[in-house]
Amino acid sequence: MMSKTERKFYTKRMIGLHVFFLMMVVLTAEIGFAQQSSVGRDQLERIIEQIVSDLDPEEHSLQILQMVEQLEELAANPLNINRAGADRLAEIPGLSFRQADAIVQYRSDVRPFEQLSDLLLVDGIGEVSFQQIRPFLTTGSSSERGRDLLLNRRYWTSNSRTEALSRVQTVLEEREGYTRPDSLGGYTGSPVKFNHRYRYRSRRISLNLSQDKDPGEPVSGLTGFDYTSWHASIHDAGPLKNLVAGDYRVSYGQGLILWTGGAFGKSSQVRGAALRGDTGIRPYTSSQETNAFRGVAATVGERLQISGFYSNRKRTASEVDEFRVNFPTQTGFHRTQNEIDRKNNLGQTTFGGRVRYRFGRGMIGISGYQNEFDRPVANGTQPYQVHRFSGRKLSAFSSDFRFHSGPAILFGEAAYTDNGGTGWIAGSEYRPAAGTDISLAYRNYSADFQSIFGAGFGEQSSTQNEEGFYIGIQQQAGEYITLLGYIDQFSTHSARFSNHRPTSGFDWLARAEVEPRGDLYFYLQFRLKRQEQEFTGINTFGRESRFMGSDIRSTTRVHAEYRVHPSVRLRTRFDVVRARPAGGSTSHGFLIYQDLRLTPSSAITADFRITLFDTEDFNARVFQFENDLLYVMSNTMMFDQGQRIYGVLRYQPSQAITLRMKAATTLYENRTTIGSGLDEIRGNRRTDIGFQVQIQI
């Protein structure tokens with residue numbers, strides 16, 4: 001066990017090694033140059049914000065992180081419009097599967113795309129849709145459009161790109177966990193967060209090594225990081241669609257039993273909200289530690305595709321007794337001695353696969369897996385935990401379909417877990433006329449449907465104990481106005497968190513977007529969510545009892561963006577929140593921010609924002625999506641009264657090197673402490689800083 005003095009010396013040594021590493025990466029980067037990205041940053045941020053800003057990060061933090069990383073990765077590495085399949089194209093936000101399929105049919109039946117603007121020739125893609133999807137697409141190089149031979153070296157190594165990404169982040173104020181000795185449960189490592197990623201990609205090959213150290217975790221040398229992820233993969237090599245060794249994710253069907261990637265759900269992006277693209281097996285590069293398989297996986301075939309995977313990895317779980325553990329944790333933290341002692345104390349073996357057949361206007365698929373832990377898992381003692389997975393083994397199976405019928409796409413999946421639980425979803429995306437898109441979906445996941453790897457569409461983050469009907473509409477009203485919204489009615493079959501009985505509720509959103517000119521954009525949005533919630537009170541006999549009431553939360557937002565100059569963009573937002581918990585009184589909150597982006601040259605982009613917030617309590621908390629370092633999710637929650645200021649600087653001194661830095665501080669007017677437990681700060685200010693180097697050769 002290291003003393004505090006030894007730990008400080010060791011921390012300084014690690015920081016020194018890290019700085020040395022960054023310098024070496026920068027120096028070696030000058031041997032080559034990366035292709036300049038053509039992504040419009042403003043447009044990308046708007047798309048990301050539309051998708052994640054309406055999600056509660058407390059309930060969907062893992063999904064939000066992966067969604068942001070997925071979109072950033074997609075923007076940094078656009079899809080080749082002449083090669084990507086319909087499933088892959090349908091991952092692009094705002095592009096429906098019907099449109100993706102039309103793109104594939106056009107290039108197959110008419111001709112390849114010589115330039116991106118040729119997409120406007122595809123039926124169903126207009127100027128609005130084109131601008132929405134443009135940041136994520138490329139026509140590729142001329143060599144990519146040529147014919148390749150399997151035995152030709154360039155078939156494997158063409159379009160080679162090597163990336164080194166290194167990131168350092170920390171909180172400047174001292175937190176409680178770093179003042180306590182290890183023997184009293186303090187953090188055993190430094191408050192600095194390190195993350196490194198090294199990746200080589202070509203047209204057919206992907207190699208990746210990622211290392212991550214969370215704040216408070218110890219690290220022993222450059223090879224002693226708490227989390228290390230790697231993969232080596234081959235893709236699109238004739239009938240071999242992919243072969244991955246190492247870490248990978250699996251996303252089948254509509255995600256009812258297998259979906260370990262980011263999953264888009266309810267948001268102001270109506271198109272594609274309920275319908276998932278069947279992305280299959282993909283290499284895993286995220287720093288999120290608990291949402292990947294580790295082993296080997298492969299997919300072969302064209303019209304008839306067969307895929308399979310095998311995974312054997314260690315997980316971390318809290319101990320119930322000497323024989324049983326709770327379900328594996330999702331945080332990946334190993335900071336205190338107790339967390340370290342139970343690190344990797346649970347083995348998990350999973351194998352499964354999928355058969356998918358494509359026909360004229362649709363596809364059908366069958367998927368399944370078997371999972372086994374090496375120790376029994378307990379489900380918990382609370383009423384809402386009764387139907388959760390317990391034991392050691394679980395098997396799941398599902399069948400899914402997708403069918404094109406004129407202007408409609410019909411989709412669905414039905415699933416079964418071997419404890420007797422069932423789940424299914426069915427829906428349609430329909431375009432009755434140009435400029436009108438309608439999405440419908442009905443789902444029913446039984447209380448005992450134990451989908452431990454699922455991420456099906458729904459209200460809750462878990463695919464279990466839920467029934468609901470969703471309808472979303474997007475309407476182009478003239479040349480400059482877009483109207484969109486959804487309503488989702490949901491209920492549970494049994495108790496959910498903090499409840500002893502079934503509950504119901506609804507969630508709806510309405511939004512009007514106006515873009516009269518290319519340099520002016522604004523929208524008005526209203527969202528209301530109401531759900532039943534139990535609370536404790538005194539009954540007519542003077543005894544404490546549990547009652548059922550309604551938990552209501554509404555948000556009104558006004559947002560405007562104005563590019564006053566080609567190098568200056570302003571963004572203003574005003575949010576008003578009204579919250580009334582079941583059995584409680586109504587509280588209010590507001591947020592207002594002013595955002596400034598400066599682009600004095602193609603090499604420099606600077607973002608600044610000042611935010612004022614004032615909420616009467618935690619129930620009226622407010623959120624804002626922030627610009628941040630690459631692959632970092634920042635959907636910040638704020639409550640009480642205060643101000644937040646941040647700045648992000650992006651500097652690209654050469655085509656090969658991109659430097660990013662963020663500094664943010666939050667000042668509270670009515671607090672003497674921030675946070676709780678080991679993360680508590682004594683004071684009313686929290687300051688975060690981060691630095692990142694990205695090398696692309």
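Residue numbers count from 1 along this sequence. As the structure is a computational prediction, the values presented were derived from the model and not from experiment.
Taking the centre and axis of the six-membered ring of Phe639, the NZ or CZ atom of Arg671 falls inside the cone set by 45° and 6.0 Å. A cation-pi contact, defined as under 6.0 Å to the ring centre and within 45° of the axis, links Arg335 to Phe333. For the pair Arg609 and Tyr593, the cation-pi criterion (under 6.0 Å, within 45° of the ring axis) is fulfilled.
Remark: the Arg199 side chain and the Ser206 side chain contain an N/O donor-acceptor pair separated by less than 3.5 Å. In the model, Gln652 has no side-chain atom that pairs as donor or acceptor with a side-chain atom of Ser654 under 3.5 Å. No side-chain N or O of Gln460 forms a donor-acceptor pair with one of Arg496 less than 3.5 Å apart.
One distance of note links OG1 of Thr285 with CD of Glu163; it measures 9.0 Å at 0.5 Å rounding. Thr290 contributes atom OG1, which lies 8.5 Å from atom OH of Tyr227 (distance to the nearest 0.5 angstrom).
Between Phe574 and His559, the distance from one ring center to the other does not fall under 6.0 angstrom. Side-chain rings of Tyr178 and Tyr187 approach one another, their centers coming within less than 6.0 Å.
Residues forming a side chain to side chain donor-acceptor pair (under 3.5 Å) with Arg578 (at least two apart in sequence, or on another chain): none. The side chain to side chain donor-acceptor pair (under 3.5 Å) search around Ser587 returns Asp617, not counting sequence neighbours. Here Glu626 pairs with Arg644, Lys662 under the salt bridge (Lys or Arg N to Asp or Glu O under 4.0 Å) rule; sequence neighbours left out.
Side-chain atoms of Gln692 come within 3.5 Å of backbone N or O of Leu630 as a donor-acceptor pair. Of the possible donor and acceptor atoms, one in the side chain of Asn499 sits under 3.5 Å from a partner among the backbone N and O of Phe497. The backbone N or O of Phe194 lies less than 3.5 Å from no partner atom in the side chain of Gln211, so there is not a single donor-acceptor pair. Put simply, the side chain of Asp614 never gets that close to the backbone of Phe590: no donor and acceptor are under 3.5 Å apart.
At a threshold of 4.0 Å, the pair Asp212-Lys193 counts as salt-bridged, since one of the basic side-chain nitrogens sits closer than that to a carboxylate oxygen. Under a 4.0 Å N-O distance rule, the pair Arg573/Asp595 does not qualify as a salt bridge. A salt bridge between Glu176 and Arg682 is present, with a side-chain N of the basic residue lying under 4.0 Å from a carboxylate O of the acidic one. A salt bridge links Asp247 and Arg294; the closest N-O separation between the charged side-chain nitrogens and carboxylate oxygens is under 4.0 Å. Checked for salt-bridge contact, Arg686 and Asp688 meet the test: a charged N lies under 4.0 Å from a carboxylate O.
Classification of the Phe373-Phe389 ring pair by plane angle, with boundaries at 30° and 60°, yields tilted.
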Worked check of salt bridge (charged side-chain N to carboxylate O under 4.0 Å, His left out) between Arg527 and Asp507: CA-CA 8 Å; Arg527 184 180 184 185; Asp507 176 21; 2.9 Å; yes

Under the salt bridge (charged side-chain N to carboxylate O under 4.0 Å, His left out) criterion, do Glu616 and Arg621 qualify, and how do the steps go? CA-CA 8 Å; Glu616 294 178 354; Arg621 60 196 179 278; over 6 Å; no

Is there a side-chain contact (heavy atoms from CB on, under 4.5 Å) between Gln696 and Thr162? Walk through the geometry before answering. CA-CA 6 Å; Gln696 292 180 304; Thr162 302; over 6 Å; no

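Under the side-chain hydrogen bond (donor to acceptor under 3.5 Å, both in side chains) rule, Thr316 has a single partner from Glu339, Lys343, His334, which is His334.
In Arg315, the CZ atom is crowded: over 12 heavy atoms of neighbouring residues, nucleotides or ligands sit closer than 6.0 Å.
Under the 4.5 Å side-chain criterion, counting only non-hydrogen atoms from C-beta, Asn291 is not in contact with Phe453.
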